[in-house]
Amino acid sequence: MSELEYLSVLNDEQKAAVVHSGSSLLILAGAGSGKTRVITTKIAYLIQQKNISPYKILAVTFTKKAAQEMKERAVKIEQNAQYCQIRTFHSFGSYFLRRYYAAANVDKNFTVYDDDDTVTLILKANPSITKKQATHYAHLISLAKDYCLLPDDPLLDSISSESFFRTVYEQYENRLRETGNVDFGDLILLPYLVLRDNENIRKSVHNQFKVIMVDEYQDSNVAQFKLLELLSGVKENSGTYVCVVGDDDQSIYKFRGAEVQNILNFQNMFPNTDVIKLEKNYRSTQEILSCAQYVVENNKGRLGKNLISARGKGKTPALVFLQTQDDETEFCADIILQSAKKGIPFSDWAILYRTNAQSLGFETEFMHKKIPYQVVGALKFYDREEVKDIISWLSFIVNPKDEISFRRIANKPARGLGEKSQDKIVEAGLGKSLLDQCKNISFSKKAKEATEEFVKLAESFISLLPDLMEDEKKKSLVESALLDENAEEEIETPAETEADETEKENSSYRNLSDYIKAIVKDSGLYEYYKEKDELFLTQKVLNLDELINSASSFSYSREGLLDFLDHVNLDRTLETEENSSTDKVTLITLHNTKGLEFKRVIITGMESGIFPRDGKDEADMEEERRLFYVGITRAMNELYFTSCATRKLYGHINYTNPSLFLNELDSKCLRVLGDVPEGFTLVKQPKQKQAKASLSEKYCKGAQVYHDDWGYGQIISAKVSDEGEYTVKVAFETGGIKTFMPEYQSHSLLVIE
DNA sequence: AGTGCAACTCTTTTT
DNA sequence: GAGTTGCACT
């Protein structure tokens, strides 16, 4: 085959991963090893060279951002990649459930309940418990669903052995099914159950998707694994090609049900899996990668990788010891300002911390010194009260069985439809349209008037929302029928469709924004929040405008509205253009940095009790260590660590010790600036016998090596010295022969495998 | 139903 | 120390 242009930019391993076929594939992609490039190129390659229909390719990611980026980059290489299903796991679940809603026993127009909604529903299903308990159970239920455990599963004990928990879980499930809606866990769990119990649907899906790829596989949970298993039909000889990409060293979401065993055991669950490692790192300099390597090698349960930089040695990372956290924020501000004087943009810099609370100090200091910054992930636009109110209206309009949304909007602004009346309406007919219930129940005169007002309002909103045009409907019917053969369909709602044009005649609104605008106004919430804004100097009306704005690209129809609600519910962040384009320092938690990169990174709060946090068992420590690894590998050119002697915590000043992780860094890959606290040493790597054995295997006679200063060479002899040190002689291509001790030089003398 | 004050809790959180 | 929650009071 002739060398294709887009293949020629790949290294050998990347290329192998792209052209691989025939069996399942596990790509172990180290940080910064170009894994997105590999996946997107693979998608293009499958379409162009392997003649795979793009409709038959499914790629799932964990974040919307990742999905968007993947799609954009794939389409850049191959236009037809736009017809692939490239979605987040949860968005795929939603897409699946809208198609097979009947088999899943959910409402066709379901919306997704968030964690708060779950708590409320638990409380309503079981009024005797406190809110605190409900929150606790909500957490357990979500975990149970992540592990694919139903209320009657004996294994539920592994989540909690409390017998009452089963009761709460079961009551919650019943109540949730009555609403017709789903929670986050259901978006994975229900598709799994549908596939498990319906052979015909399973067969049809196996026909639809012949290629399935999963990104960030190390953070998949048990339910996601089981779903993948059924989607791929691996046990039924479906012939579907499965390719998962991940890095076991970057698994940081165990507390949310991520199961690192999924990637460690992948080869057992998918027989004949080939494994390709991507270890060439194009992001960071070698000194930064050495730090990362020293740290992560302290973990036991890992597949093992060794990142090699394609960018040379670079600047040695620096560790700075400071007295107080005020010194820390000042240090960060000053180093950024100094660099700014040299013309380095603010956007080169990222401040990383373990907990959100730590951002505050930086915000005040940066404000003072006029350093522009953005806090990533902290503000959750769609969690704001006023925004949730409107979302509740919209959810109720598409699904009037939605108890939670009903309760939220029924009496806001106050119209005399209080909680007692709401209870009456809801409990009189669980699982029925609450609007119908409103009409069927007899109230006192006051409550009756209030209820009538609410019903009138809701019905007028509903009547103004058209379904898709008949033509569109027919088209989607045909599509469904054709599903097995050739699942051609629109993946995303186009911004402007012909349907929009025709619909103009049917109503006064041009697009979904106008419709939502009308709801904001007519519901009385606009006035309600306008008054609040004036009283408390808030910006709630502004947020409502923002919400209205964000709907402008969705079509004005029931389907468009459902799309919009999915968009909102399945991505809690609202991207505003100013955030991404201007020159600002990024303040961000370590968790949120996954998938990102910055030229200059400062990892702050390197203190015991902060990072790693207290009360961690050994497994948790390994996860914290992976988090540290993720943080380090975000840096491209410069990396700093700061550690304070004292830190204010919950209003008290605490004397802290340097983080244990700092001791795991070798003095060779770290400069220490400032005073070193008493008793602190950068220890050399613990020399275990095992390490020595593998060292002599790795650095064996004949092995090809690369050295930072000397270039490429080959080991011509190896022996254990009189002092018991393992030494090797290397003949370099340049002609020189040098002796090395791999135990101490493994980061500068690299074996090429 | 809305306000005020005491009590409480305080990781990380792609979806 | 700060932000949230819950209860009591009007």
Side-chain angles (χ1 to χ4, degrees), chain A residues 60-69 87-94 112-116 118-119 130-132 134-136 138-139 142-143 145-146 182-189 214-221 223-224 250-258 325 352-361 376-378 380 382-383 385 411-420 446 450 531-532 535-536 566-573 588-596 605 609-616 620 623-624 626-628 630-631 647-654:
Chain A
V60 286
T61 64
F62 280 82
T63 68
K64 201 149 181 163
K65 206 171 158 192
Q68 272 162 1
E69 191 192 345
R87 290 171 172 271
T88 66
F89 247 117
H90 289 84
S91 147
F92 174 78
S94 172
V112 184
Y113 280 151
D114 67 15
D115 297 347
D116 282 348
T118 298
V119 172
T130 64
K131 185 162 187 193
K132 202 185 152 198
T135 309
H136 167 70
H139 180 236
S142 140
L143 215 54
K145 290 189 175 184
D146 286 346
V182 301
D183 59 22
F184 277 122
D186 285 339
L187 287 174
I188 310 299
L189 183 55
V214 185
D215 191 19
E216 304 280 13
Y217 187 68
Q218 76 281 354
D219 282 323
S220 60
N221 61 36
Q224 284 161 337
Q250 292 188 65
S251 173
I252 55 173
Y253 282 103
K254 183 177 171 225
F255 68 96
R256 287 187 67 151
Q325 58 192 354
L352 277 48
Y353 36 78
R354 180 62 176 70
T355 66
N356 276 314
Q358 286 165 258
S359 77
L360 209 81
V376 172
K380 296 204 173 96
Y382 297 111
D383 281 350
E385 183 197 3
N411 200 33
K412 202 171 188 180
R415 54 174 69 86
L417 182 45
E419 199 175 351
K420 285 279 173 303
K446 186 173 159 253
E531 278 171 29
K532 286 214 163 185
L535 264 169
F536 305 105
D566 266 2
H567 167 83
V568 166
N569 290 326
L570 302 183
D571 182 14
R572 318 296 290 154
T573 55
I588 190 167
T589 62
L590 284 150
H591 279 89
N592 265 325
T593 61
K594 202 173 75 171
L596 305 179
I610 303 289
F611 186 36
R613 283 187 67 83
D614 279 334
K616 296 281 178 186
D620 288 341
E623 176 138 321
E624 293 272 303
R626 290 193 290 268
L627 188 57
F628 189 35
V630 167
R647 182 168 294 270
K648 247 195 245 168
L649 206 58
Y650 307 140
H652 299 286
I653 290 175
N654 289 30

Asker: Would you please determine if the base of dC10(B) is stacked by Tyr650(A), with stacking meaning a centroid separation under 5.5 angstrom and planes under 30 degrees?
Answerer: yes

Asker: State which residues pass salt bridge (Lys or Arg N to Asp or Glu O under 4.0 Å) with Asp183(A); sequence neighbours excluded, sorted by chain then number.
Answerer: Lys145(A)

Asker: Please list, chain by chain and in numerical order, all residues satisfying side-chain contact (heavy atoms from CB on, under 4.5 Å) with Asn221(A), sequence neighbours excluded.
Answerer: Asp146(A), Ala223(A), Gln224(A)

Asker: State which residues pass side-chain contact (heavy atoms from CB on, under 4.5 Å) with Asp115(A); sequence neighbours excluded, sorted by chain then number.
Answerer: Phe184(A)

Asker: Starting from P on dT14(B), measure out to CG on Asp219(A) and report it in whole angstrom.
Answerer: 12 Å

Asker: Which residues pass the salt bridge (Lys or Arg N to Asp or Glu O under 4.0 Å) test with Arg415(A), not counting sequence neighbours?
Answerer: Glu453(A)

Asker: Return no unless some side-chain N or O of Lys594(A) is found under 4.0 Å from OP1 or OP2 of dT13(B).
Answerer: no

Asker: For DNA chain C, which nucleotides open and close the run of contacts to chain A, 5' to 3', at under 4.0 angstrom from a non-hydrogen atom?
Answerer: dG1(C) to dG6(C)

Asker: Map Ala414(A) and Leu627(A) onto DNA chain B by nearest heavy atom, then report which one ends up closer to the 5' terminus.
Answerer: Ala414(A)

Asker: Is any side-chain N or O of Asn221(A) closer than 4.0 Å to OP1 or OP2 of dT15(B)?
Answerer: no

Asker: Would you say Thr589(A) places a side-chain N or O within less than 4.0 Å of OP1 or OP2 belonging to dT13(B)?
Answerer: yes

Asker: Give a yes or no on whether a donor-acceptor pair under 3.5 Å exists between the nucleobase atoms of dT12(B), that is its base, and the side chain of Arg256(A).
Answerer: no

Asker: Can you sort out the partners of Ser251(A) under side chain to side chain donor-acceptor pair (under 3.5 Å), two or more places apart, ordered by chain and number?
Answerer: none

Asker: Base, sugar-phosphate alone, or nothing: which one does Lys648(A) contact when heavy atoms must sit under 4.0 Å apart?
Answerer: nothing

Asker: What integer distance in Å separates Lys64(A):NZ from dT14(B):C1'?
Answerer: 12 Å

